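Please read these numbers as outputs of a predicted model, since none were measured by experiment.
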Amino acid sequence: MLPWLGWEAVTGTIAVPSDARGLLSILILALVVTAPTLVLFNYGAERVPAAISGVSTAAIPAFGYAFALVLGEPLDPVKAIGGAVALAGVVIATLATPGAEPSPPGSGLPEPAELAPDEPDVTPRG
């Protein structure tokens with residue numbers, strides 16, 4: 001966000017709260033909304049497979065819009081359809097089961113002996 005903040009500062013359109021109410025709003029946004037959200041996301045991401053946590057991030061905008069509707073945001077059909085499509089994608093992706101057994105981490109890597117040849121290749125190129 002720093003480039004946009006810099007642009008607003010250069011163009012003179014920056015709006016920094018100067019009263020206690022504005023500063024308190026920023027503090028509440030940081031400590032009551034943002035910090036717990038990040039802590040809970042990281043807590044959950046540590047406990048579910050990466051494929052599920054990665055796909056689940058697609059639901060964040062849909063839930064954000066749903067909470068905005070609860071708080072009085074007017075309904076926008078395009079946003080609602082987009083949110084529904086995002087949630088449908090998350091559900092489909094997390095319910096689908098792979099056809100193959102998962103392999104242990106690193107099993108797809110070549111063996112160290114395969115990485116370094118026994119003899120250097122000294123054939124002339126031409």
Side-chain angles (χ1 to χ4, degrees):
M1 300 301 289
L2 286 178
W4 288 275
L5 183 63
W7 176 257
E8 288 181 354
V10 169
T11 59
T13 58
I14 192 167
V16 179
S18 58
D19 61 340
R21 184 176 177 184
L23 294 172
L24 182 63
S25 297
I26 291 173
L27 186 65
I28 289 172
L29 179 64
L31 297 178
V32 176
V33 178
T34 305
T37 301
L38 291 174
V39 168
L40 289 173
F41 177 79
N42 288 330
Y43 177 83
E46 289 177 353
R47 286 159 177 77
V48 297
I52 292 175
S53 67
V55 168
S56 297
T57 59
I60 292 172
F63 282 119
Y65 184 60
F67 289 128
L69 289 174
V70 169
L71 295 174
E73 177 86 14
L75 178 66
D76 179 3
V78 173
K79 291 178 186 175
I81 291 169
V85 169
L87 290 177
V90 169
V91 168
I92 290 168
T94 54
L95 292 180
T97 55
E101 281 292 316
S103 56
S107 63
L109 298 174
E111 294 296 323
E114 296 173 16
L115 294 176
D118 295 334
E119 296 180 21
D121 184 15
V122 291
T123 56
R125 300 186 190 263

Taking all non-hydrogen atoms of both residues, which atom of [X] and which atom of [Y] are closest, and how far apart?
X	Y	answer
L75	A80	CD1-CB, 4.0 Å
L23	P17	CD2-O, 3.9 Å
S56	V90	CA-CG1, 4.2 Å
A58	A86	O-CB, 3.7 Å

Say you draw a straight line from CD1 of I26 to CG of L31; how long is it, rounded to the nearest 0.5 Å?
11.5 Å

Quick one: pull up CG in D76 and OH in Y65 and give me the separation to the nearest 0.5 Å.
5.0 Å

Could you work out, with side-chain contact (heavy atoms from CB on, under 4.5 Å) as the rule, every residue matching I14, not counting sequence neighbours?
L5, E8, A9, V16

Under 3.5 Å, which donor-acceptor pairs link side chains of residues 46-55 to any protein atom two or more places apart or in another chain?
from : atom 1 : to  : atom 2 : distance (Å)
R47  : NH1    : Y43 : O      : 3.0
S53  : OG     : A50 : O      : 3.3

Linked hydrophobic residues, L38 as query - side chain contacts closer than 4.5 Å
none

With clusters defined by side-chain heavy atoms of hydrophobic residues (ILVMFWY) lying less than 4.5 Å apart, directly or transitively, does L87 cluster with F67?
yes

